[in-house]
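Have a look at the structure below before the remarks.
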Amino acid sequence: MKHNRMITPEGMKDILLEECTLRRTLREKAASRLRRSGYREVVTPGVEFYDLFDPSHTGFAQEDLYKMTDNKGRLLVMRPDCTLPIARLAATRLQALPRPLRLWYDEMVYRNNPGLDGRDDEQLQCGMELLGAGGLKADLEALFLASRILQDMVPGYRIELGHAGIFQGLSEELPVDDEGREAIRRAIEAKNYAALSAMLDEIPDTPAVQALQKLPRLFGGPEVLHEARALCGGSRASEALSYLQNLYEKLCDLGLSDHVMFDLGLVQRNDYYTGVVFSAYIPGEGEAVLSGGRYDSLLDWFGQPMPAVGFALKIDAVARSLMREQGIVCPAPQLLVFGEKGQETKALLYMQDRQEQGVICEYAVCETMEQAKDYALSSGIHRLAVVGEQVREVEV
Amino acid sequence: MRPLRMALTKGRLEKDTVALLEKAGIDCTQVHEKGRRLILPVGDGSMEVVLSKAADVITYVENGVCDLGVVGKDTIMEHGTRFFEVMDLGFGRCRFALAGPKGVDFYAGYREKVVASKYPNVTRAFFENKQMDVRVIRIEGSVELAPLLGLADGIVDIVETGTTLKENGLEVKETVADLSARLIVNTASMKLRKKQIEELVARLEGAKKTC
């Protein structure tokens with residue numbers, strides 16, 4: 001039998017040295033921002049029942065989930081997303097806490113991507129959920145937080161806004177079944193103009209059909225709201241547009257006009273979104289690094305109806321882009337502490353003192369001072385402390 | 001900012017695309033004189049062209065190292081979807097078809113059918129949509145051989161004129177999909193470089209109309 005002990009499974013990877021440092025910094029930036037905004041951390045299990053991510057309710061494709069069984073033969077999955085577990089928490093164990101609930105997480109999620117396409121199956125996501133609060137203020141809070149976190153990491157970010165009500169409003173006016181609606185949604189999501197036209201040509205022409213036809217092209221600056229308004233008359237879609245306009249003005253007041261765009265064809269796969277939806281992009285990454293939105297009916301499924309909004313940020317994707325653009329290196333320790341024969345413990349205590357002064361120190365485990373010097377030179381440590389009867393520090 | 005990068009499928013699609021780019025007023029001299037180079041500047045330097053195999057065009061665009069790509073709908077159907085498909089370029093027209101021995105009803109009988117193809121994903125999706133169980137066998141070379149040798153009941157392949165089929169006693173049973181070359185765009189590029197990309201698309205649309 002072939003042994004695979006020297007390699008990792010496809011889609012998995014080791015994260016090493018500099019990348020760990022950078023990743024840790026990014027996690028801390030996000031966490032700090034969230035904590036300071038009154039969010040509290042939760043950790044949910046890495047493995048949950050398949051039922052929680054049931055494709056018919058959540059929009060996850062069955063083949064995207066890593067599955068296994070428990071000792072009773074029940075189907076389990078490795079968490080593909082953190083929003084559903086947190087919705088479960090809010091409806092069960094945290095039911096009695098005062099609303100709104102402000103929760104954040106920083107967890108691995110798992111998606112079984114098709115082979116050899118270069119994507120990570122294991123990703124670190126950091127995000128927030130604001131549960132039990134509906135309306136503009138809550139959406140503004142979520143969007144502002146997302147923008148602050150991105151600003152701390154990659155100031156060249158862009159956030160784009162859409163609204164689930166636009167597609168839902170327009171498509172419910174069409175004489176098609178759920179499957180047909182899903183096919184149209186997919187074409188809009190993929191900006192596949194050709195396929196969309198082919199499908200819509202088979203339906204009697206109405207204002208809704210014309211609006212859907214144009215939907216994938218409606219992205220860019222605030223002018224797309226005006227364009228869209230001309231297309232959606234007096235329906236649920238036009239309410240959504242007014243809401244986005246209002247939200248946009250508030251975001252401009254916050255000085256974010258250069259960072260905010262629209263994509264009214266943003267119709268995400270997770271069909272639990274009900275209101276504003278958003279994604280963020282950064283230079284050098286081919287896919288969105290942050291995504292989120294309002295999901296006011298998801299909690300109904302858990303028997304505890306409440307409005308909610310949240311987003312998740314792919315920390316690893318941000319780290320990868322920063323590594324590429326800036327080539328971050330991990331600094332070497334500043335001091336090597338060598339204890340002469342009989343002074344091993346004294347050297348350790350001296351190292352502890354220096355560490356408490358904030359110096360990054362390493363303990364020399366070699367026998368002679370010559371070896372310690374050679375080691376310091378080869379590892380880029382510029383200072384050596386020799387601990388004998390007396391302590392002296394020298395430059396190497 | 002780096003030039004807008006467009007991946008082209010080597011061969012005929014490359015020639016057709018270059019012709020369209022030139023019609024749109026984009027200078028492609030460097031592509032004609034490429035030698036063995038694979039990355040070539042075009043136009044006024046704000047754009048460059050990368051030459052690669054069809055499936056790789058999708059990989060480069062999906063991963064964002066190329067902003068745009070020109071690739072056949074056949075490759076898109078077989079290999080991927082995580083990008084925007086913004087334009088039907090109108091050339092490279094052909095179709096995916098189910099073919100089998102002349103005069104034999106492919107669907108007759110209850111025995112499980114065997115279908116050979118270079119495009120197993122397209123084949124599987126086609127029959128899944130029909131709620132029909134078939135066994136798909138992947139063939140790399142001339143797929144027409146499989147039914148002739150008795151390995152398969154039919155094939156799913158690209159058909160242009162149908163001459164190869166006819167000469168081997170096969171005929172088209174059903175069209176699976178109509179194909180042509182498409183312009184695809186990376187998701188993030190579409191957002192971050194919208195203006196540049198829309199201008200290019202508009203120029204290409206204009207040039208296509210005058211074809």
Side-chain angles (χ1 to χ4, degrees), chain A residues 61 63-64 111 113-120 154 156-162 179 183 186-198 216-221 223-224 259-263 265-266 269 278-291 317 320-321 324-325, chain B residues 1-2 5 7 55-56 58-69 73 76-90 93 120-121 124-125 128-129 131 177-199 201-202 204-205 208:
Chain A
E63 59 270 28
D64 291 348
R111 305 268 173 96
N113 289 306
L116 301 178
D117 70 351
R119 284 192 184 78
D120 292 327
V154 192
Y157 73 93
R158 295 276 189 87
I159 295 184
E160 62 174 16
L161 304 178
E179 260 176 51
R186 268 204 304 269
I188 293 174
E189 186 183 37
K191 301 221 183 295
N192 187 340
Y193 304 135
L196 183 65
S197 301
R217 292 177 201 267
L218 291 177
F219 64 95
E223 69 281 355
V224 304
H259 293 282
V260 178
M261 330 178 276
F262 295 91
D263 184 355
L266 198 64
R269 192 156 289 136
F278 49 95
S279 296
Y281 296 89
I282 57 175
E285 264 305 292
E287 290 183 326
V289 295
L290 178 145
S291 58
R320 193 167 52 221
S321 134
R324 244 193 329 250
E325 313 252 305
Chain B
M1 202 183 277
R2 74 162 159 77
R5 202 176 280 156
D56 299 344
I58 289 186
T59 307
Y60 292 139
V61 172
E62 280 194 334
N63 283 288
V65 292
C66 290
D67 304 295
L68 306 115
K73 182 71 183 174
I76 295 178
M77 288 174 70
E78 181 66 17
H79 292 285
T81 49
R82 286 202 240 193
F83 45 75
F84 294 144
E85 185 181 322
V86 293
M87 191 179 159
D88 183 341
L89 294 169
R93 285 201 185 283
N121 294 330
R124 199 171 289 127
E128 269 176 17
N129 271 341
Q131 309 280 309
D178 288 314
L179 306 171
S180 59
R182 305 298 162 97
L183 181 66
I184 62 174
V185 181
N186 170 267
T187 326
S189 300
M190 186 75 137
K191 313 296 176 176
L192 297 172
R193 311 184 72 166
K194 174 178 191 263
K195 197 157 164 275
Q196 241 182 319
I197 290 173
E198 281 195 329
E199 272 168 19
V201 172
L204 293 179
E205 294 269 13
K208 179 185 158 189

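Here is how names work: the chains are called A, B, and so on, in the same order as the sequence lines, proteins then strands, and each is numbered from 1.
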Original post:
Taking C-beta and beyond as the side chain, do A:Asn113 and B:Arg82 meet within less than 4.5 Å on heavy atoms?
Top reply: yes
Original post:
Are B:Glu198 and A:Phe219 side-chain neighbours, meaning at least one heavy-atom pair lies under 4.5 Å?
Top reply: yes
Original post:
Relative to chain A, which segment of B:Arg182 carries a heavy atom at a distance below 4.5 Å: side chain, backbone, both, or neither?
Top reply: side chain
Original post:
B:Lys73 versus chain A, heavy atoms under 4.5 Å apart: side chain, backbone, both or neither?
Top reply: side chain
Original post:
Are there more than 12 heavy atoms of other residues, nucleotides or ligands under 6.0 Å from atom CD of A:Glu223?
Top reply: yes
Original post:
Is there a donor-acceptor contact under 3.5 Å from the side chain of B:Lys191 to the main chain of A:Glu160?
Top reply: no
Original post:
Roughly how far apart are A:Met261 CE and B:Lys194 NZ, rounded to 0.5 Å?
Top reply: 9.0 Å
Original post:
So how far is it from A:Glu285 CD to B:Thr187 OG1, rounded to the nearest 0.5 Å?
Top reply: 11.0 Å
